[in-house]
Every structure is written in C-alpha cells, then in structure tokens.
Peer 1: 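Can you read through this structure? Questions will come right after.
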Amino acid sequence: MKHFPTRRTILGAASAVTLLALTACGNVAGGGTADAAKYPTGPINLSVGQAAGGSTDLIARALAEGAAKTLGQPMPVVNKPGANGALATKEVAGKPADGQELVLLNASLITITPLAVSADEAVNIDDLDIIAGLSQDDYVLVASLGSGFKTFKDVTGAGRAVTFGTTGVGTGSQLAQTVLFKQANVTGTDIPFDSGKPALTAVLGNQVELATIQLGEAMPQIEAGKVAPLLVFSEERNTFLPDTPTAKEAGYDVPVAQYRAVAAPKGTPQDVKDKLLAAFQDAFKSDAYKEFNKKNMLTPKEISGEEVVTEWKAYAAKYKELVEKYDISLSGNK
C-alpha cells in the first residue's frame, strides 16, 4: 500500500502556508474607492483557493465566462491553492475594495475549517462582502471495488478497521465522514488528501477503501462501475443519484453539503456590488450555465449575499454542535 503523509504533517503544512499569507497580506480590507460609474476599469480577477480542474475551479470558470459578457471585461480565474482556500481568500480580503478582485468562496472554509485550526488562522465571513450564493454540491461516500463494500451496512458489519480518505483537513468531506463513523462506531485510518481528485484516485487504486467526495467528481466513476456509492450526506436524496440512500435515511444525523458563493473585499461600494450581482444573475439565466450545473450535478442555490451569511452561520453552529457532541477533533488531536 502507498505510504501517505500523516494528517498532523499535512495540517502543519497548511497552517504554515496560512500564517505566511497572513503575514504577507495583513488581512486588512481596503477602502471602497471605486468610481461605480466607470466600473469595471479592467479585468476582474476571480481567485480560487483550490487547484485547477476541481469542482470549485470549474464553477468559477463557468460563472466568470457568463458574467464577463455583461460586465464587458474579462474575468480571469486565478488559482492559489493552499490551506483549504484560506490563502486565496485572505489575500483577496486584503485587496482594495474596488470590485476588481473577487474570490470564489467554499462554505466549508467558513463553517468547518475553523473547527480544525486556531482562531487567528480561521476565515471570518464578516471580513468579506458576499455578492451572491451559487450552488449546492452534495457529498457521496464511495467504496473501492477491492473493499467488497456494496452498502453502508457492509461497512458497519465488517467488524474491522477500515482505511478512508477525505478531501482535506477542515473540509465537509472530513466532517461528514468523521461524524458518520463516530455515530456508526466505525474505526480506521483517516488519510487527508488535497482535494477530491487524489482522494478518488486512491479509492480507484484500492489504496483506501472509502472516501467522501463531491458528487460531480465521483459520478463518472460511479457510472463506470469503478466505485460503489454507499450514502449521500444531503437532507434528501440527490436527484442525480436517486437510488443511493441518505445518511439520514440510514439512521445517522450528518447533514453536510458544500455550498459556494462569490465574495469581494469588505467595504466594496454598493453600486459596484449591484453591478456584479446583475452580471452573475445574467450568468445564472444563461443556458450554458444551467447546462454546466446539470452536467456537474450541482443544485442551484442562487441566493442573496445576506441569505448566504445567515445560512452559513447556522451551518457553522450546527457543525460545532456535532463535533462537540461526539468529542471530535478535526485537527487530529483525538
């Protein structure tokens, strides 16, 4: 079996990167100095805190392509992976609040990562202006063919420790799987990867038996019969995977999904935010963006920035309650 780095090693590296970003950027939002009548004055950078090719990156590119048409300026996607997106988010939060720098924000960075890192490393949603919510991306627990697991009952009935991968420390993948296994008394070795793609690759290669991955990333291999879907973590069955039960149906309280939004530095002028919101809403209406969501198994959740803040704070409270109830440390200390 492949030798994997320990969770403590990976967390330490992620923390170091985040601290470096804090030092470099100061995490101080610039003032709102844009002339809204002239906005945008040039290309609008859309930063992504994950590597190219993953779900977050693909969403950013689809959104940018549609919004750029309305704004009349290109919207290049800038990938700056590290610390589960904290590096890119803190950097954008420290940019001038003129609407020329945006970030594609994952809810897990706001609602789950703070449960795994120190307070000064966590990203606070109140340090950003949320422009709009985008979509919901459900998680699915998949099993390798070599594991022999066809249902979650096979896992709980195995009577042995299992190996399982997550998409990283402080992610929804880690939270969902860890809480599920605590509730189901499943024990084993937790291997954190940098994103869904390497975690899925490890399942395909039987290097880990199980992994919790976003549905859009896992679906091609599910349809090819190369991994087995055991549970989804949404409140209700996913319309793209109707035959797979939810964790809730299996008797476990693990309502975890990934949500995404687009955000600007705190203090961005309201007129600029209005222009950005109008451009994103035009993108939402386009056939190309609707087809993108369908192709990638994303459920539209195109809500206001204010609704995003309210909902994400509620999820943060719920997840905090779960980890405290089950005495879980996402930083690997328990």
Side-chain angles (χ1 to χ4, degrees), residues 50 54-59 62-63 104 106-108 111-112 133-145 147 149-156 164-168 171-181 183-184 186 195-197 199-200 203-204 210-261 284 289-303 307-308 311-312 314-315 318-319 322:
Q50 287 73 31
S55 298
T56 308
D57 174 71
L58 295 176
I59 292 169
L63 181 70
L104 204 298
N106 282 342
S108 60
T111 61
I112 301 172
L134 301 176
S135 52
Q136 174 179 334
D137 194 356
D138 289 336
Y139 288 103
V140 57
L141 176 67
V142 296
S144 71
L145 298 184
S147 71
F149 299 142
K150 302 296 184 186
T151 69
F152 192 62
K153 281 189 176 179
D154 293 337
V155 179
T156 58
F164 52 95
T166 74
T167 62
T171 64
S173 163
Q174 184 197 26
L175 176 70
Q177 196 164 252
T178 304
V179 173
L180 173 69
F181 286 4
Q183 293 180 359
V186 173
S195 63
K197 186 175 290 186
L200 180 60
V203 177
L204 289 167
L210 301 161
T212 294
I213 298 167
Q214 280 149 358
L215 183 59
E217 294 176 317
M219 198 63 172
Q221 303 304 333
I222 292 172
E223 292 177 331
K226 295 183 178 179
V227 297
L230 305 187
L231 293 174
V232 293
F233 293 91
S234 46
E235 292 277 4
E236 298 178 355
R237 289 198 182 200
N238 188 291
T239 56
F240 299 106
L241 204 61
D243 295 331
T244 300
T246 66
K248 186 176 180 179
E249 287 176 306
Y252 306 103
D253 178 27
V254 198
V256 181
Q258 180 67 287
Y259 303 93
R260 294 185 177 87
F284 298 157
Y289 189 79
K290 290 177 181 176
E291 182 61 27
F292 167 81
N293 275 340
K294 184 178 179 181
K295 181 180 178 182
N296 289 279
M297 290 84 187
L298 299 169
T299 302
K301 197 170 179 63
E302 293 150 0
I303 59 179
E307 290 174 295
V308 169
E311 290 195 1
W312 289 17
Y315 294 135
K318 171 67 175 179
Y319 300 155
L322 281 172

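Note that the structure is a prediction, hence the values are computed from the model and not measured. These values consider heavy atoms only, across backbone and side chains, with no hydrogens, waters or symmetry-generated copies.
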Peer 1: Look at the side chain of T111 and the backbone N and O of A107, then say whether any donor-acceptor pair between them is shorter than 3.5 Å.
Peer 2: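 Yes; at least one donor-acceptor contact below 3.5 Å.
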Peer 1: Tell me yes or no: between the side chains of N293 and E291, is some donor less than 3.5 Å from an acceptor?
Peer 2: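 No, E291 and N293 have no side-chain donor paired with an acceptor closer than 3.5 Å.
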Peer 1: Do L230 and L210 touch side chain to side chain, with heavy atoms closer than 4.5 Å?
Peer 2: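 Yes; the side chains approach each other to less than 4.5 Å.
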Peer 1: Once you round to the nearest 0.5 Å, how far does CG of L141 lie from CZ of F149?
Peer 2: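 The CG atom of L141 sits 10.0 Å away from the CZ atom of F149.
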Peer 1: Once you round to the nearest 0.5 Å, how far does CG of N296 lie from CG of D137?
Peer 2: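 Between N296 CG and D137 CG, I get 8.5 Å after rounding to 0.5 Å.
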Peer 1: Nearest 0.5 Å please: distance from the CG atom of L241 over to the CG atom of D243.
Peer 2: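 Spacing of CG (L241) from CG (D243) equals 7.5 Å.
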Peer 1: Does the distance from a Lys or Arg side-chain N to an Asp or Glu carboxylate O, for K318 and D253, drop under 4.0 Å?
Peer 2: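 Yes, K318 and D253 are salt-bridged.
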Peer 1: For A199 versus A211, what's the shortest heavy-atom pair and its separation?
Peer 2: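 Closest approach of A199 to A211: O-CB, 4.3 Å.
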Peer 1: Assign the ring pair F152 / Y252 to parallel, tilted or perpendicular, where the plane angle (0 to 90°) is split at 30° and 60°.
Peer 2: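 Correct class here is perpendicular.
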Peer 1: What distance separates N106 CG from R260 CZ, expressed to the nearest 0.5 Å?
Peer 2: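 Answer rounded to 0.5 Å: 4.5 Å.
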Peer 1: What's the spacing between F292 CZ and L63 CG if we round to 0.5 Å?
Peer 2: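 Going from the CZ atom of F292 to the CG atom of L63 covers 9.5 Å.
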Peer 1: Is there a donor-acceptor pair closer than 3.5 Å between any side-chain N or O of Q258 and the backbone N or O of S108?
Peer 2: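 Such a contact is found between Q258 side chain and S108 backbone.
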Peer 1: Has the side chain of E249 got a donor or acceptor atom that lies under 3.5 Å from a matching backbone atom of T246?
Peer 2: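 Yes, E249 side chain to T246 backbone: donor-acceptor pair under 3.5 Å.
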Peer 1: Measure across A184 and T156 and return the closest heavy-atom pair with its distance rounded to 0.1 Å.
Peer 2: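 Closest approach of A184 to T156, heavy atoms only: CB-CG2, 3.9 Å.
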Peer 1: Can you give me the closest heavy-atom contact between D138 and A257, atom names plus distance?
Peer 2: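 The answer is OD1-CB, 3.6 Å.
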Peer 1: Taking side chain as C-beta onward, heavy atoms only, is K301 less than 4.5 Å from L134?
Peer 2: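 Side-chain contact under 4.5 Å: no.
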Peer 1: Is a donor on one side and an acceptor on the other found under 3.5 Å between the side chain of T178 and the backbone of L175?
Peer 2: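 No, T178 side chain to L175 backbone: no donor-acceptor pair under 3.5 Å.
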Peer 1: Would a 4.5 Å heavy-atom cut-off, applied to side chains only, mark T151 and D154 as touching?
Peer 2: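 Yes - at least one pair of side-chain heavy atoms lies under 4.5 Å apart.
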Peer 1: Are T244 and R237 packed together at the side-chain level, in the sense that at least one heavy-atom pair is separated by less than 4.5 angstrom?
Peer 2: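 Counting from C-beta outward, T244 and R237 never come under 4.5 Å.
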Peer 1: Can you tell me how far the CH2 atom of W312 sits from the CD atom of E307, to the nearest 0.5 Å?
Peer 2: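 Nearest 0.5 Å value for the CH2-CD distance: 13.0 Å.
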Peer 1: So, for V142 and A218, which heavy atoms are closest and what is the spacing to 0.1 Å?
Peer 2: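 Looking at all heavy atoms of both residues, the shortest contact is CG1-CB, 4.3 Å.
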Peer 1: Determine the interplanar angle of the Y259 and Y315 rings, folded into 0 to 90°, and report it as parallel if under 30°, tilted if 30 to 60°, perpendicular if over 60°.
Peer 2: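 Parallel.
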Peer 1: Between Y139 and V232, is there a side-chain heavy-atom distance shorter than 4.5 Å?
Peer 2: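 In short, these two side chains do not touch, never coming nearer than 4.5 Å.
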Peer 1: With side chain to side chain contact (heavy atoms under 4.5 Å, CB included) as the test, pick out the partner of V254 among L322, L180, L231.
Peer 2: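 Answer to the side chain to side chain contact (heavy atoms under 4.5 Å, CB included) test with V254 among L322, L180, L231: L180.
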Peer 1: Return the minimal non-hydrogen interatomic distance between G172 and I112, and the atom names on each side.
Peer 2: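 Distance-wise, the nearest heavy atoms are CA-CD1, 3.3 Å.
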Peer 1: Can you check whether L215 reaches N238 side chain to side chain, under 4.5 Å on heavy atoms?
Peer 2: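 With C-beta onward as the side chain, the pair touches.
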Peer 1: Hey, are K197 and E217 close enough for a salt bridge, meaning a charged N less than 4.0 Å from a carboxylate O?
Peer 2: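 Looking at K197 and E217, the cut-off is not met.
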Peer 1: Have T212 and Q177 got a donor and an acceptor in their side chains that come within less than 3.5 Å?
Peer 2: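 The answer is yes; a qualifying pair exists.
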Peer 1: Using a 3.5 Å distance criterion without hydrogens, assess whether the side chain of S173 forms a donor-acceptor pair with backbone atoms of T166.
Peer 2: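 Not confirmed, S173 side chain does not pair with T166 backbone.
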Peer 1: So, for Q136 and S234, which heavy atoms are closest and what is the spacing to 0.1 Å?
Peer 2: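 So the minimum-distance heavy-atom pair works out to NE2-CB, 4.3 Å.
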Peer 1: Decide yes or no for K290 and K294: does some side-chain heavy atom of the first lie under 4.5 Å from some side-chain heavy atom of the second?
Peer 2: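 They are not in side-chain contact.
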Peer 1: Do V227 and L200 make a side-chain contact, defined as non-hydrogen atoms from C-beta onward lying under 4.5 Å apart?
Peer 2: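 Yes. Closest side-chain heavy atoms under 4.5 Å.
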